[in-house]
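Not measured: the values here are computed from a predicted model.
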Amino acid sequence: MSSATPTRRQFLKQSAAALSGLALSSCGWTLGGQPSPEIDEDTPTLAVDSTAANELFIYTWADYTDGDLLRSFTEQTGIRVIVDIYDSNEAMLAKMQAGGGSSYSIIYPSDYMVGRMVELQLLRPLERSQIQGLDNLFEKFQDPEYDRGNRYSVPFTWGTTGLIYNSAKLSTPPDDWEYLWTHQRDLSRRLTLMNDVREVLGAGLRSLGYSYNSTDPAQLHAAYEHLVNLKPAIANFTTDGWRDLILAGDLEMAMGFSFDALSVSDENPDLEYVVPMSGSSLWTDTMVIPRNAPNVQGAYAWINFMFQPQVTADLIERLYFATPNRAAYNLLSQELRENPTLFPSESVLERCQGILPLGTDKEKEYARYWIRLKSV
């Protein structure tokens, strides 16, 4: 559990350069006799040349692959892997819509973004017969609300959103979102919230007893006004930039993801993590195949590789995240399996909600409130 582990949403230029330039040598990879997967009639057919068949371009978050993983895949298949990274679902979607993602055959969108990409016809339906290991998924990940039956996506990792705080500096530890409002004078300018519209408005909604996915206009307005009242205490909206600041003692609390919390607590044991009592988000990041993927067979090879329990378990031990793969979970060290931040209890999970797609109109309404909140 290296303290050098990058945060879940950390977008580092040096990482991008290193991963994008990692061209692993091909050694005569074949498709193992597997036929090209069947596709819907309205899905475009592929003209994959020999170069494309021996290359796999992946678009993902900064901390979901490493050199050992890519080398291992190449050793098994002979396929050359090129990885690019993005810093938000929205940035990834914008690139895909602009046509800049035509070279990618695997992408890692979050749960709610899967539904949005399906709506925009950006994803290829998965052929379950081509995927080995789906039966290893924990039951809760086999028919997710955001993609029933995993028709377009397979889960890669999951976690919660909560509050990371310095227990040595706070006389009373936080237990719920409302703590931010009742203690905002003490936290003034020493608190950060995520730079994420769904997470921040979701937290505002939950603090008032509403759903993280509310579409009720009155509830959304109430959450916005509640967050406006908190705005003077917020030092910044940042999904990753809080890490160094809280380690340096410049922040006392940050809204963050569960396994980001593990990374900083490894460096400073005074930094603790709590999932608010009123509930928070339970997110899942997935693997999908774009509609116009140039190497569909290579994409299935990657998904099958990532479903190998030992491959996933080894990666988790290095990069430190939660897995939906039961067989991989059983191979983890006892320390990781019993870590309540990484794998929270059922009582914690029961009060969390997945972030769901809301439809274009409601997403625009969320966006309008977000722009107003950040500008006041």
Side-chain angles (χ1 to χ4, degrees), residues 7-9 88-89 110-113 140-141 144-146 155 157-165 167 170 172-184 187 191-216 219-220 222-224 226-227 230 233-234 237-240 242-243 246 251-265 271-285 321-322 324 339-358 366 369-370 373:
T7 63
R8 177 175 185 258
R9 295 293 184 253
S88 72
N89 282 291
S110 298
D111 35 29
Y112 74 94
M113 186 54 66
K140 71 181 84 173
F141 295 101
E145 191 173 355
Y146 62 85
T157 186
W158 63 278
T160 58
T161 300
L163 297 171
I164 300 114
Y165 64 97
S167 60
L170 297 180
T172 304
D175 61 356
D176 209 344
W177 294 117
E178 193 58 27
Y179 181 99
L180 305 183
W181 283 265
T182 58
H183 290 77
Q184 67 174 290
L187 294 170
L191 161 72
T192 61
L193 299 185
M194 290 179 175
N195 187 24
D196 188 307
V197 55
R198 294 298 305 276
E199 291 283 7
V200 172
L201 279 176
L205 287 162
R206 289 306 293 163
S207 71
L208 297 173
Y210 305 135
S211 167
Y212 227 79
N213 299 295
S214 177
T215 58
D216 183 286
Q219 293 179 2
L220 283 173
Y224 163 74
H226 201 38
L227 288 163
L230 181 64
I234 302 171
F237 291 97
T238 176
T239 304
D240 342 290
W242 57 268
R243 190 173 187 265
I246 204 167
L251 292 177
E252 294 180 359
M253 186 179 297
M255 181 185 182
F257 297 112
S258 48
F259 68 84
D260 282 348
L262 290 179
S263 178
V264 293
S265 65
L271 296 176
E272 299 185 20
Y273 177 76
V274 63
V275 176
M277 284 296 297
S278 61
S280 188
S281 74
L282 177 63
W283 49 263
T284 305
D285 285 346
F321 55 80
N339 190 300
T341 299
L342 203 60
F343 297 103
S345 67
E346 284 299 320
S347 63
V348 171
L349 295 179
E350 285 173 358
R351 56 181 200 257
C352 294
Q353 294 178 290
I355 298 180
L356 302 176
L358 302 174
Y366 267 72
Y369 277 125
W370 181 239
L373 176 64

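- In terms of heavy-atom proximity, Val274 sits nearest to Asp175 at CG2-CA, 4.5 Å.
- In terms of heavy atoms, Met253 sits closest to Pro174 at CE-CG, 3.7 Å.
- Not one N or O on the side chain of Arg198 forms a donor-acceptor pair closer than 3.5 Å with the backbone of Pro357.
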Q | side chain to side chain contact (heavy atoms under 4.5 Å, CB included) between Leu349 and Val275, worked out | A | CA-CA 9 Å; Leu349 295 179; Val275 176; over 6 Å; no
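- The closest donor-acceptor contact from the side chain of Ser207 to the backbone of Gly204 lies under 3.5 Å.
- Between the CD1 atom in Ile355 and the CH2 atom in Trp283 there is a gap of 10.5 Å [rounded to 0.5 Å].
- For the pair Leu227/Tyr369, no side-chain contact is recorded, criterion being any heavy-atom separation below 4.5 Å from C-beta on.
- Neither side chain, Glu252 nor Tyr165, offers a donor N or O lying under 3.5 Å from an acceptor on the other.
- Using a 4.5 Å cut-off on side-chain heavy atoms (C-beta onward), Leu170 and Tyr179 make contact.
- Using a 4.5 Å cut-off on side-chain heavy atoms (C-beta onward), Glu178 and Ser278 make no contact.
- For the pair Tyr146/Thr284, a side-chain contact is recorded, criterion being any heavy-atom separation below 4.5 Å from C-beta on.
- At distances below 3.5 Å, not a single donor-acceptor pair connects side-chain atoms of Gln184 with backbone N or O atoms of Ala233.
- One side chain, Ser281 or Glu199, offers a donor N or O that lies under 3.5 Å from an acceptor on the other.
- Judged by distance alone, the side chain of Thr157 and the main-chain N or O of Ala322 form a donor-acceptor pair under 3.5 Å.
- Using a 4.5 Å heavy-atom threshold, the side chains of Phe257 and Thr161 count as touching.
- Nearest heavy-atom pair, His183 versus Thr172, reported as atom, atom and distance to 0.1 Å: NE2-CB, 4.4 Å.
- A distance of 3.0 Å separates OH of Tyr273 from OG1 of Thr160, quoted to the nearest 0.5 Å.
- Atom-to-atom distance recorded for Leu220:CG and Tyr210:OH is 10.0 Å, nearest 0.5 angstrom.
- Scanning both residues, Thr341 and Asn339, for their nearest heavy atoms gives N-OD1, 2.9 Å.
- Using a 4.5 Å heavy-atom threshold, the side chains of Phe321 and Asp285 count as separate.
- Side-chain contact between Asp196 and Met255 is absent, with no heavy atoms from C-beta onward closer than 4.5 Å.
- Looking only at distances, a side-chain donor or acceptor of Asn89 sits under 3.5 Å from a matching main-chain atom of Ser110.
- Note that the CG atom of Leu193 and the OG1 atom of Thr239 stand 10.0 Å from one another [nearest 0.5 Å].
- Among residue pairs with one or both ends in residues 202-214, none qualify as salt bridge (charged side-chain N to carboxylate O under 4.0 Å, His left out); sequence neighbours excluded.
- When all heavy atoms are compared, the tightest approach of Gly162 to Ser280 is N-OG, 4.4 Å.
- Pairing each heavy atom of Ser265 with each of Leu271, the nearest pair is CB-O, 3.2 Å.
- Classification of the Trp158-Phe141 ring pair by plane angle, with boundaries at 30° and 60°, yields tilted.
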Exercise for the section: Could you walk me through whether Arg243 and Asp260 pass side chain to side chain contact (heavy atoms under 4.5 Å, CB included), step by step? Expected result: CA-CA 8 Å; Arg243 190 173 187 265; Asp260 282 348; over 6 Å; no
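- Inter-residue side-chain proximity for Pro173 and Glu272 is flagged as unmet; no heavy-atom pair is nearer than 4.5 Å.
- Here the straight-line distance linking atom CG of Leu180 with atom CD1 of Ile234 works out to 8.0 Å at 0.5 Å rounding.
- The structure places CG of Leu191 at 12.5 Å from CH2 of Trp242, a figure rounded to the nearest 0.5 Å.
- Note on ring orientation: taking the six-membered ring where Trp is involved, the planes of His226 and Trp181 are parallel (angle under 30°, cut-offs 30° and 60°).
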Using the side chain to side chain contact (heavy atoms under 4.5 Å, CB included) rule, take Trp177 and Leu230 through it: C-alpha gap first, then chi angles, then the decisive distance, then the call. CA-CA 11 Å; Trp177 294 117; Leu230 181 64; over 6 Å; no
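- Side-chain N or O atoms of Asn213 include none that pairs as donor or acceptor with a backbone N or O of Leu358 at under 3.5 Å.
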